[in-house]
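Here is the structure we will look at, set down as structure tokens.
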Amino acid sequence: MNQNKRINVLINEALNSVDNINRGSPKPFLLTRIYARMNHQTESIWEKIGWFIGRPAIAFLSLCIFLVINVLVLVLNKTSAQTMPIEQITQTPADEFSYTVATIYDLENTQP
Amino acid sequence: MNHQELIIKLQQGDDSAFAMLVEENQDMVYNTALVIVQNADDADDITQEVFIQAYQSISSFKSGSKLSTWLYCITVNKTLDYKKKMNRKKRLGFVQSLFGAHTNEEVRLIVFDHPGLQLEKKESAAVLFNALKQIPYRQRIAFTLHKIEGQSYQEIAEIMKTTLPSVEALMSRAKVNLKNKLSNYYIQ
């Protein structure tokens, strides 16, 4: 009981500690520093781009687009890999029955 | 120079009017930023940015509203930008730590000491500022504006561009959260 009472007193003391607080002041020559900063504030195009890319929404969106492109490339490669053997099968008989292959008959009966 | 004359001269780009604006409001802006971000250098940076923004966008200032409310509004927005920047740095630090890179960012474990505190209240205030750091950002802003800067709930609603009931709710939640944090601290 006494403990609770003591804690409540300390809490109220802490909450009221900022009553009648004096204002803090910035470092001297604030106006000079403001003018100096205004003169220096010519943001380059790269800084603007960096700021834009650094935004969480943009970064997340870029990551999603990157992942989608990767998945698409993977899927497309997979489907083209499946069609390749079929082409080979159809090509093989053509290669086997090719009429361009020279026979022994052709080689032995050469025209004078 | 009265309020209206000051605004007209500021809108005309008068340097002496801008110097007067800075001179009269620098403590108000700095103190608000200081309590919210709890770092003197960052608060100084924010103060500069607030006045630069004020200088650049004075043409958009509506003559019906108060200049101090407008400056508070810019300060709150700048502290929110600061928080986003800090979060970005944290994320970047985490990613760099994954790749084994050492970041140059120092871990800020220093207890915040407000320069305007009375000596006998310093200890209790340090505990309060530490608890303030742990509550949600909008609650922290509302509490700072009301308790430290003495703004009314209506003015806070204008500064934070919200409604009066939502400021009341923010303040109520801030007090409950602070009491819980303080209670946990004193029980340990």
Side-chain angles (χ1 to χ4, degrees), chain A residues 1-70, chain B residues 15 18-19 21-23 26-35 40-41 43-52 54-56 84 87-88 91-92 114-118 120-132 143-144 147-150 175 178-183 185-187:
Chain A
M1 189 69 183
N2 260 348
Q3 171 84 350
N4 281 347
K5 220 174 179 180
R6 194 181 67 84
I7 286 170
N8 277 336
V9 169
L10 286 170
I11 288 170
N12 287 330
E13 214 171 84
L15 285 172
N16 297 328
S17 63
V18 287
D19 290 346
N20 305 319
I21 188 173
N22 293 321
R23 277 177 172 161
S25 296
K27 288 175 200 162
F29 310 112
L30 179 71
L31 191 64
T32 315
R33 282 183 285 130
I34 289 169
Y35 279 130
R37 198 163 174 159
M38 274 202 270
N39 292 334
H40 261 86
Q41 228 176 25
T42 46
E43 213 174 15
S44 74
I45 187 79
W46 293 112
E47 278 174 17
K48 281 180 186 168
I49 290 169
W51 173 83
F52 182 73
I53 292 170
R55 291 172 65 186
I58 302 296
F60 184 71
L61 194 71
S62 309
L63 185 73
C64 286
I65 291 169
F66 178 75
L67 287 174
V68 165
I69 289 169
N70 271 282
Chain B
D15 283 349
F18 181 64
L21 177 84
V22 173
E23 188 61 40
Q26 59 179 358
D27 288 356
M28 176 192 92
V29 171
Y30 175 77
N31 197 56
T32 309
L34 181 66
V35 176
D41 292 333
D44 203 80
D45 260 8
I46 290 169
T47 309
Q48 290 177 41
E49 281 175 22
V50 168
F51 285 111
I52 290 170
Y55 185 83
Q56 288 166 346
K84 283 178 194 164
N87 287 347
R88 261 206 305 274
R91 276 198 299 270
L92 189 70
H114 193 285
L117 279 166
Q118 291 160 12
E120 67 270 18
K121 289 180 176 175
K122 272 191 188 285
E123 202 179 321
S124 310
V127 179
L128 177 69
F129 284 130
N130 192 38
L132 202 59
F143 185 86
T144 305
K147 196 85 172 157
I148 315 275
E149 286 297 310
K175 281 176 188 167
L178 280 174
K179 277 186 180 172
N180 286 340
K181 303 280 177 205
L182 291 169
S183 160
Y185 174 82
Y186 286 120
I187 285 169

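In what follows, every chain begins at residue 1, and chains take the letters A, B, ... in the order their sequences are listed.
- Options B:Arg88, B:Lys179, B:Gln118, B:Met28 differ in how many heavy-atom pairs under 4.5 Å they form with chain A, and the most are formed by B:Met28.
- Residue B:Gln26 touches chain A through both its backbone and its side chain, counting heavy-atom pairs closer than 4.5 Å.
- With a 4.5 angstrom heavy-atom cutoff, B:Glu123 does not touch chain A via any of its atoms.
- A pairwise comparison of heavy atoms in B:Leu128 and A:Ser17 identifies CD2-OG, 4.1 Å as the closest pair.
- Taking the side chain as every heavy atom from C-beta outward, A:Arg37 and B:Asp45 approach each other to under 4.5 Å.
- Rounded to the nearest 0.5 Å, atoms OG (B:Ser124) and CG (A:Leu10) are 7.5 Å apart.
- Ranked by heavy-atom pairs under 4.5 Å with chain A, the first of B:Phe143, B:Phe18, B:Phe51, B:Tyr186 is B:Tyr186.
- Scanning both residues, B:Ile52 and A:Met38, for their nearest heavy atoms gives CG1-CG, 3.6 Å.
- Counting only heavy atoms from C-beta outward, the side chains of B:Lys147 and A:Asp19 approach each other to under 4.5 Å.
- Side-chain contact between A:Ile21 and B:Lys121 is absent, with no heavy-atom pair separated by less than 4.5 Å.
- Within a 6.0 Å radius of NZ in B:Lys84, no more than 12 heavy atoms belonging to other residues, nucleotides or ligands are found.
- Only the side chain of B:Tyr55 comes within contact range of chain A, judged by heavy atoms closer than 4.5 Å.
- Taking CD1 of B:Ile187 as the reference point, atom CG of A:Asn4 lies at 7.5 Å (rounded to 0.5 Å).
- Neither the backbone nor the side chain of B:Leu132 comes within contact range of chain A; no heavy atoms are under 4.5 Å apart.
- The shortest heavy-atom contact between A:Ile7 and B:Ser183 is CG2-CA, 4.3 Å.
- With a 4.5 Å cut-off on side-chain heavy atoms, B:Phe129 and A:Val18 count as touching.
- Between chain A and the residues B:Gln56, B:Glu49, B:Lys175, the most heavy-atom pairs under 4.5 angstrom are made by B:Glu49.
- Residues A:Tyr35 and B:Asp15 meet the side-chain proximity criterion, which asks for heavy atoms closer than 4.5 Å.
- Residue A:Asn8 does not touch chain B at all, counting heavy-atom pairs closer than 4.5 Å.
- Your options are B:Leu34, B:Leu178, B:Val22, B:Asn87, and the one with the most heavy-atom pairs under 4.5 Å with chain A is B:Val22.
- Closest approach of B:Asn31 to A:Gly24, counting heavy atoms only: OD1-N, 3.1 Å.
- Side-chain atoms of B:Tyr30 and A:Leu30, non-hydrogen and from C-beta on, never get closer than 4.5 Å to each other.
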